[in-house]
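Shown next, in structure tokens, is the structure this report addresses.
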Amino acid sequence: MKIALGADHAGYGLKEEIKEHLASAGHDIIDCGTSSGDLSVDYPDCGFRAAETVASHKADLGILFCGTGIGMSITANKVAGIRAALCHDHFTAAMSRRHNNANVLAIGSRVTGSGLAKEIVDTWLNEEFEGGRHAFRVDKITAFEKDHASDAASATCSSNSAGGRTVVVEHPLVRHKLGLMRDKNTSSKDFRDLVQEVAGLMVYEITRHLSLEEIEIETPVAKTRVFTLSGKKLAIVPVLRAGLGMVEGILKLIPNAKVGHIGLYRDPETLLPVDYYCKLPKDISERDIFVVDPMLATGGSAAAAVAHIKGYGGKRIALVSLLSAPEGIARFHEEHPDVDIYTAAVDSHLNDHGYIVPGLGDAGDRLFGTK
Ligand code: RB5
């Protein structure tokens, strides 16, 4: 099982002990910090990071530690999709899984000794959600969370039953630029610039869960600890040809990402998508992959591209599309329920020619001036 761990300075020692305990039981650990018990850190920093790792399905479950466990449980419960339980004994730990489907366990290192903490963790991991009437109750929490999603949020998110999310990036700048892109009087040059800019702005949302680690540096004034990306390997894979228009905008912000390419055409006889070109980074199976295609219309080519990338070993994949049709989202998630979709807007429907309505026309033609 993949387990995210997080602690502040007070919980650090217990986190390290539990980490060893879990690793020796064969679990994969994603350590969201902190990395020392000597420096005081604020529990929300590591707490949010670990909780978001669970909420984004990068980890199956999370375990958080602070002095009392209270700060960590409050923090984690602010993250949509998280049900954090602060437990001091076996019974509450077991019930939090069976009845509440808790996906985060919080433990207070100043309350619970390490022997008991290990037992509580084992109990918690071995229990399963009972579903039934408890599922109705938990679903009510999820529904409330959805209904009360903050108006200030720059993204809204819905999930399919397998956990694959559709995240609509609704930042005002994205909406403004998308409006300009839709206008048929926007020139090819401006359209190209806008595609890059919107792709770049979407990077904030799609990289929200990248993990960080703390390192020590010296400012001109004093030594301090700062965060740095923890060497995550990323790949951008544009679906030819329109996907090419988004690459530079993303690379500006993630210059170390590798770029693969995939080109598909539809066989006129079988109507099945065939890849005529596919060149991916050699270590694609180790990378977080962003498949980029400005339009998710029928979903056919995006689904085929992702199927090919999976065939080459790709595992952690997200689809980034500027504009989507409900039909495309449904088809894509039917074939890839495990892959998140990031989009700047979901339009009304597809017309008889497979164009998104109201849409913005053919993104490839508008990018390259071929019409
Ligand atoms: C840190 O001293 C302490 O306040 C923190 O670890 C935690 O107990 C907060 O809830």
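Not measured: the values here are computed from a predicted model. Both counts, for ligands and for their atoms, begin at 1 and track the order of listing.
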The answer for which part of A10 has a heavy atom under 4.0 Å from ligand 1 is side chain

Check: of A106, G71, A7, min heavy-atom distance to atom 10 (O) of ligand 1 comes from G71

In this structure, atom 8 (O) of ligand 1 is nearest to the protein heavy atom T68 N, 2.9 Å

Please indicate, with yes or no, if any protein heavy atom is found under 4.0 Å from atom 6 (O) of ligand 1?
yes

Q) Using a distance-only test with no angle check, is there a side-chain donor-acceptor pair under 3.5 angstrom linking T224 and E216? A) no

Discussion item. Please confirm whether R110 approaches ligand 1 to less than 4.0 Å, judged on its heavy atoms.
Written reply: yes

- Query: Are side-chain heavy atoms of D365 and R241 found at a separation under 4.5 Å?
  - Reply: yes

Exercise for the section: Answer with yes or no whether the hydrophobic clustering places V104 together with V121; edges join I, L, V, M, F, W, Y residues whose side-chain heavy atoms lie under 4.5 Å apart. Expected result: no

In this structure, atom 9 (C) of ligand 1 is nearest to the protein heavy atom Y43 CE2, 3.5 Å

Below 3.5 Å, N or O to N or O, backbone or side chain included: is there any such pair between G67 and ligand 1?
yes

So, R225 and S35: side-chain donor and acceptor under 3.5 Å apart, yes or no? yes

Rounding to 0.5 Å, atoms CD (E16) and CG (L14) come to a distance of 10.0 Å

Treating Ile, Leu, Val, Met, Phe, Trp and Tyr as nodes and any side-chain heavy-atom pair under 4.5 angstrom as an edge, say whether I289 and L296 lie in one connected cluster.
yes

